[in-house]
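In what follows, a single structure is set out as structure tokens and then discussed.
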Amino acid sequence: KGRYGLVADIDYSDIEDDEATAGPFYSTLTTRTKSWIVSAAGLYRLIQEDQTFLDAVAGVRYWSVDSTLEFGAGILPATERSNREDWVDPLIGIKGLLPLGTSKFFISGAFSMGGFGMGSDFMWDAMLNLGYQWTPMFSITVGYRYLDVDYDENDFLYDVSQQGLVFGLSWRF
């Protein structure tokens with residue numbers, strides 16, 4: 001609304017890996033990590049020229065990480081260890097959009113960082129997308145995202161980098 005806005009972002013990942021162990025005590029090790037990342041922020045329009053814009057971003061990011069280690073029976077019986085951690089990070093950043101000529105295609109991007117020892121020690125997130133504006137309210141994007149977080153609390157260490165293709169759907173009102 002005017003120079004002000006709100007943005008929300010939801011990410012879910014479910015990563016699993018099975019490996020044979022290098023010894024007789026256990027036969028296999030299965031690691032599984034499920035994570036939810038939910039961000040909400042306010043926007044302030046710094047630059048607006050035609051359809052090009054740059055916004056300042058300030059908000060919070062909620063993390064929920066559920067990790068499980070399963071050891072398959074070997075000399076020792078099978079066992080499982082699980083842990084769940086939840087925390088909230090403050091975040092600041094920028095996001096913007098640049099139309100490609102007079103077409104409905106555009107380039108968008110965002111960079112944010114946060115944590116600052118209040119939740120995680122530090123996190124940062126960068127994304128660059130190619131998008132298509134279907135209507136004034138709806139667009140789709142495909143791009144690349146790199147997310148890095150360093151959280152260490154109560155004997156739980158989550159020092160993770162995730163990167164890869166992203167697909168998005170935007171609704172503006």
Side-chain angles (χ1 to χ4, degrees), residues 6-43 55 57-97 107-132 138-171:
L6 297 172
V7 64
D9 183 46
I10 300 172
D11 296 82
Y12 174 76
S13 66
D14 186 345
I15 301 167
E16 184 175 324
D17 189 26
D18 296 313
E19 293 291 328
T21 59
F25 296 108
Y26 295 103
S27 59
T28 60
L29 170 62
T30 301
T31 61
R32 184 175 306 118
T33 301
K34 296 179 182 181
S35 63
W36 282 96
I37 305 168
V38 180
S39 305
L43 306 173
D55 294 337
V57 179
V60 294
R61 177 168 287 169
Y62 166 76
W63 301 78
S64 179
V65 178
D66 189 4
S67 298
T68 303
L69 296 174
E70 294 177 6
F71 295 90
I75 293 174
L76 297 175
T79 187
E80 180 179 306
R81 297 285 184 258
S82 294
N83 191 29
R84 180 180 171 153
E85 290 287 322
D86 300 279
W87 69 93
V88 176
D89 283 333
L91 71 88
I92 57 173
I94 57 171
K95 67 183 274 311
L97 184 137
I107 295 173
S108 64
F111 176 81
S112 62
M113 61 183 167
F116 311 116
M118 294 179 209
S120 64
D121 294 328
F122 188 71
M123 74 87 192
W124 67 277
D125 187 359
M127 185 169 26
L128 186 62
N129 302 303
L130 174 63
Y132 185 81
F138 292 101
S139 64
I140 58 170
T141 58
V142 61
Y144 185 82
R145 186 173 190 176
Y146 189 96
L147 172 67
D148 187 275
V149 62
D150 182 10
Y151 176 83
D152 188 358
E153 192 75 33
N154 301 324
D155 296 327
F156 183 82
L157 174 64
Y158 190 69
D159 189 357
V160 173
S161 297
Q162 294 176 316
Q163 59 184 318
L165 287 175
V166 292
F167 300 96
L169 172 64
S170 295
W171 174 46

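The residues of the chain are indexed from 1 along the displayed sequence.
- Residue pairs meeting the salt bridge (Lys or Arg N to Asp or Glu O under 4.0 Å) criterion with at least one partner in residues 70-80, sequence neighbours excluded, are Arg32-Glu70.
- Here Met113 pairs with Ile92, Phe111, Phe116, Phe122, Trp124 under the side chain to side chain contact (heavy atoms under 4.5 Å, CB included) rule; sequence neighbours left out.
- Taking CD1 of Ile94 as the reference point, atom OG of Ser112 lies at 10.0 Å (rounded to 0.5 Å).
- At a threshold of 4.5 Å between non-hydrogen side-chain atoms, the residues Trp87 and Ser120 count as touching.
- Within a 6.0 Å radius of CD1 in Ile10, no more than 12 heavy atoms belonging to other residues, nucleotides or ligands are found.
- A search for ring pair (Phe, Tyr, Trp, His ring centres under 6.0 Å) contacts involving Tyr158 returns nothing, not counting sequence neighbours.
- Applying the side-chain hydrogen bond (donor to acceptor under 3.5 Å, both in side chains) test to Ser139 and every residue at least two apart in sequence or in another chain returns nothing.
- Val166 is listed as a side-chain neighbour of Asn129, based on a closest heavy-atom distance under 4.5 Å.
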Let me have the donor-acceptor pairs involving side chains of residues 148-155, under 3.5 Å, with sequence neighbours excluded, atom names and distances please.
{"residue": "Asp148", "atom": "OD2", "partner": "Ser161", "partner atom": "OG", "Å": "2.4"}
{"residue": "Tyr151", "atom": "OH", "partner": "Glu85", "partner atom": "OE1", "Å": "3.3"}

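- Atom CZ of Phe25 has 12 or fewer heavy atoms from other residues, nucleotides or ligands within 6.0 Å.
- For Val88, the side chain to side chain contact (heavy atoms under 4.5 Å, CB included) test picks out Val60, Tyr62, with sequence neighbours left out.
- We find the OG1-CZ distance between Thr68 and Arg81 to be 11.5 Å, quoted to the nearest 0.5 Å.
- With sequence neighbours excluded, the residues satisfying side chain to side chain contact (heavy atoms under 4.5 Å, CB included) with Thr21 are Tyr26, Leu29.
- One finds the CG atom of Leu69 at 7.0 Å from the OG1 atom of Thr31 (value rounded to the nearest 0.5 Å).
- Listed by chain and number, the residues in a side chain to side chain contact (heavy atoms under 4.5 Å, CB included) with Ser39 are Asp9, Ile37, Arg61, Leu91 (sequence neighbours excluded).
- Listed by chain and residue number, nothing satisfies the side-chain hydrogen bond (donor to acceptor under 3.5 Å, both in side chains) test with Ser170 (two or more places apart in sequence, or in another chain).
- By the 4.5 Å heavy-atom criterion applied to side chains, Asp11 and Gln162 are not counted as neighbours.
- The two atoms that bring Ser35 and Ser13 nearest to each other are OG-OG, 2.7 Å, heavy atoms only.
- For the pair Ser108/Thr141, a side-chain contact is recorded, criterion being any heavy-atom separation below 4.5 Å from C-beta on.
- Of the inter-residue distances, the one linking Met123 atom CE with Leu147 atom CG reads 7.5 Å to the nearest 0.5 angstrom.
- Checking side-chain atoms of Ser27 against main-chain N and O of Ala73 turns up a donor-acceptor pair under 3.5 Å.
- Separation of atoms CG (Asp14) and NZ (Lys34) is listed at 5.0 Å; rounding is to 0.5 Å.
- Under the side-chain hydrogen bond (donor to acceptor under 3.5 Å, both in side chains) criterion, Asn83 pairs with no residue, sequence neighbours left out.
- Applying the ring pair (Phe, Tyr, Trp, His ring centres under 6.0 Å) criterion to Tyr12, with sequence neighbours excluded, gives Trp36.
- Considering only residues two or more places apart in sequence or on other chains, Tyr132 meets the side-chain hydrogen bond (donor to acceptor under 3.5 Å, both in side chains) condition with none of them.
- Considering only heavy atoms from C-beta on, Phe71 stays 4.5 Å or farther from Leu76 through its side chain.
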